[in-house]
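Everything on this sheet refers to the single structure shown next.
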Amino acid sequence: MSEISVLLPDGSSRALPVGSSIADLAASIGSRLAKAAVAGTVNGAEVDLTVPLSDGATVSIITADSDAGRHVLRHSTAHVLAQAVLQLFDGAHFTIGPAIEDGFYYDFALPDNKTFSDDDLASIEKRMREIMKANQPFTRSEVSVKEALAVFATQPYKCEIIERVTSGSADGSDVGEVGSADSVSLYRNSESFVDLCRGPHVPSTSRLGHFSLMKVAGAYWRGNEKGPMLQRIYGTAWESDTALKEHLHRLEEATKRDHRRLANELDLLSFPTELGGGLAVWHPKGAIVRKLMEDYSRQRHQDGDYQFVYTPHLANANLFAKSGHLDFYADGMYPPMEMDNGTYYMKPMNCPMHCLIFDSRQRSYRELPLRLFELGNVYRYERAGTLHGLLRIRGFTQDDSHIYCTEEQMADEISSLLDFIMSVLRRFGFNDFEFNLSTRDPEKSVGSDEIWGKATEALREALDRHGVEYKIKEGDAAFYGPKIDIDVRDAIGRKWQLSTIQCDFNLPERFELEYVGSDGARHRPIMLHRALFGSIERFFGVLIEHYAGAFPSWLSPEQVRVLPVALAHDEYATSVVAQLKKAGFRVDIDHADEQLGKRIRNAKTSKVPYVLVVGDDDVAHQSVGVNPRGGEVERDVSVVDFIARLAVEISEGQLGDIDVS
RNA sequence: GCCGGGUUAGCUCAGUGGUAGAGCAACGCACUUGUAAUGCGUAGGUCGUGGGUUCAAUCCCCACACCCGGCUCCA
């Protein structure tokens, strides 16, 4: 047989000479495809382009501009990074270097715990480009464990990986490096550089080059904070210079949206050093937005048959001992205050207090589901290195509710919660949701398997009934029960975890909560913890980034700014302001003591939704010139019309019908 | 908490072993302008805090606080 036949993804088959590789296949189809090909799949398994094909194989070609192709490029670039570092830093040990979203990293241990500087990054990148120019092949081989250990005799981390794989204690990251336990696969670029790897890789280093080293950071070996600290170099790599530039541009755009920067520029809030880390003060403009968020949340909860409660910021330690939080999170709580009559803690959560409200009198099944809601201020001593603007903060406000219900009500309640959450989030411009179901971590949890099983099933049932797709996060649950987390995508496609629904059979047990059923007997309720915003602070931070600081007019601290063209128009401008204020708008005037252009610019950089310019014509016609944020200037709009239009825009933003799907 | 980098005027940032500078903002004066930066002038800083080295420290060293990029953690 001088020919083989392979099956392509479109169902067609193609004849090739015996011994042909995927590269040959690509070339036989077209020169552009051959140029774009970086790897392939044979019968579903990813392989190098150079692998000879067998008769009857199902083959597809992985091109550089696909997710799988970029993954190959990035992983191959990581190998080049490792080679450059080993060449430039005598005695460096290399560990693992996977492809990640948008790029890759590689972890190293330098002799004497040395670290990389920014200058080092520049020289490493230069060396990498030399290696790419040298057109080194990626040559795969499979060797025995013994041979592999000999190859990496001077590389302790590589030996550790090989040994772990062969002893059967490998985890996912190891398999990514090596493959299987029977033999060890290696990729060699040159006499002096070889790395453990499962592959596939590009055929040669010259196929790489659209990359940039981004930053150096510390990282623990195998993610273990008790283990050695390695030096991680992050890079990004793409299929073309255009794609690389676009990525760098996206990063710049994301930086412009940084909520910490915008919160400062727009005078929304600040983190005074004098307060201590992770604690914010809200300035008047930020407070306006916050209040509107809270008002909207309260209105929706009122409509949703929630009952509002208030609880104190402090509690006796006994309460948190009873709830179990002290056992699990004492390190994450502000330190205890010793008082004459006991030990007190700042509250890190509201649930135990809501349980006390439930327990304050006898409850009937007729009251269930009982939904207690509070914008509750909590304090958590987040570790110093973890603080991040509003997204990770030590004092914050949860839009927290605890719902007490019967086992039978649980799935319905969760299901309607999913609707409620999406409906509220849509009002803030989020339309793209992802669901995650987090299951028990046996090491960090309380309660019986039976209870956990029931709770997890209830969440799963609600998700299934809703017909939404969801991912399972194994072992990611809270200590008291499984949860559904809801992620949203923002205006530029970034993912944020916001809402959570947590199922809890344990706190009712610990607090011995009961209700009297229709049968006259006492029963234990089930408790659902849920938050929509998560924390007001965090949600506000995400909103700033989502809107890039340009809040929709219903949320804008300043909705309208009126600019008189000249001093002579000041009186008229003032009357326009008065009319707008009377209509309930948040409006300011910027008097004519600067050039109009300058004042327009100021209003634009403050991201005010509407700038109204008033001059001679407007005085004559009782009109305004409307300059909307991101739109075209419209002259000679009557004040009455403008008020009517803005009123519609704002009321639709606040109260309009909400499309829940 | 760990690794690395940082902290200079309200903001963004230069800079130096001999106690500091720009742009914007603020304030004043002139200009009175029809849609994204008018001109001139004034004022503003014990250079994060506390120690140390030095004749002399904003600069070098140490500690602490806070911030940034990651890691780890996240009820």
Side-chain angles (χ1 to χ4, degrees), chain A residues 105 107 113-118 120 214-234 258 260-261 264-265 267 270-279 320 323-333 347-352 378 380-389 391-393 398 400 444-445 476-481 483 497 500 502 504 507 529 531 534 538 563-570 591-606 611-618 624-628 632-636:
Chain A
Y105 67 78
D107 285 351
N113 288 322
K114 281 210 194 70
T115 57
F116 294 114
S117 67
D118 285 349
D120 291 334
M214 304 299 285
K215 58 200 168 197
V216 56
Y220 295 109
W221 168 233
R222 297 178 57 73
N224 174 7
E225 71 175 315
K226 304 270 189 311
M229 174 66 68
L230 305 172
Q231 290 287 304
R232 173 171 299 179
I233 294 175
Y234 283 97
D258 190 307
R260 294 164 299 186
R261 169 201 184 113
N264 186 36
E265 283 174 6
D267 196 16
S270 60
F271 292 86
T273 299
E274 296 87 334
L275 268 185
L279 297 168
F320 301 120
S323 70
H325 289 94
L326 212 40
D327 286 344
F328 282 91
Y329 298 108
D331 287 350
M333 291 164 69
K347 69 170 167 180
M349 84 300 295
N350 309 297
C351 16
V378 297
R380 296 180 181 177
Y381 196 79
E382 302 287 0
R383 296 207 282 178
T386 64
L387 299 174
H388 184 89
L391 302 181
R392 194 75 177 274
I393 193 171
Q398 295 178 308
D400 203 5
K444 290 198 283 185
S445 56
D476 207 39
F479 75 87
Y480 48 69
K483 61 176 177 175
Q497 195 210 304
T500 185
Q502 307 178 350
D504 187 355
L507 275 188
H529 306 237
R538 181 180 156 79
L563 311 186
V565 171
L567 279 178
H569 312 115
D570 209 63
H591 298 287
D593 42 25
E594 288 278 6
Q595 272 193 322
L596 182 62
K598 176 68 172 291
R599 287 178 289 143
I600 297 268
R601 181 182 156 79
N602 288 345
K604 294 295 178 186
T605 55
S606 304
V611 178
L612 302 185
V613 175
V614 295
D616 288 336
D617 296 351
D618 300 296
V624 293
V626 179
N627 185 336
E632 295 294 309
V633 171
E634 189 183 355
R635 290 283 297 269
D636 222 26

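Throughout, protein chains are lettered first and strands after them, A, B, ... in sequence-line order, and every chain is numbered starting at 1. This one's a predicted model, so the numbers in the text were calculated from it and none came from an experiment.
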Q: Answer with yes or no whether A/Asp118 presents, from its side chain, a donor or acceptor under 3.5 Å of a partner atom in the base of B/G5.
A: no
(Q) If the cut-off is 4.0 Å, is A/Lys598 near the phosphate of B/A25, judged by side-chain N/O to OP1 or OP2? (A) yes
Q) How is the base pairing of RNA chain B summarised as a dot-bracket string, given the Watson-Crick and G-U wobble criteria with both distances under 3.5 Å, [ ] for crossing and | for another strand? A) (((((((..((((....[..)))).(((((.......))))).....(((((..]....))))))))))))....
Q.
Is the ring pair A/Phe328/A/Phe479 parallel, tilted or perpendicular, if the boundaries are 30 and 60 degrees?
A. parallel
**Q.** Rounded distance in Å between the C1' positions of B/G1 and B/U72
**A.** 8 Å
Q.
If I pick the C1' atom on B/C71 and the same atom on B/G52, what distance separates them, to the nearest angstrom?
A. 33 Å
Q) Would you say A/His529 and A/Tyr480 make side-chain contact, with heavy atoms under 4.5 Å? A) yes
Q. Rounding to the closest angstrom, what is the interatomic distance between B/C55 and B/G17 at atom C1'?
A. 12 Å
Q: Produce a footprint string for nucleotides 68-75 of chain B: one letter per nucleotide, 5' end first; B if the base is under 4.0 Å from any protein heavy atom, S if only the sugar-phosphate is, - if neither.
A: SBBBBBBB
Q. Is it true that A/Glu225 and A/Arg383 have a side-chain N and a carboxylate O under 4.0 angstrom from each other?
A. yes
Q. Looking only at atom P, what distance separates B/G44 and B/A22, rounded to whole Å?
A. 13 Å
Q: Quote, to the nearest angstrom, the P distance that separates B/G45 from B/C11.
A: 14 Å
Q: Quick one: closest heavy-atom pair of A/Pro564 and A/Asp570, and the distance?
A: CG-OD1, 3.6 Å
Q. Which residues satisfy the side chain to side chain donor-acceptor pair (under 3.5 Å) test with A/Arg599, sequence neighbours excluded?
A. none
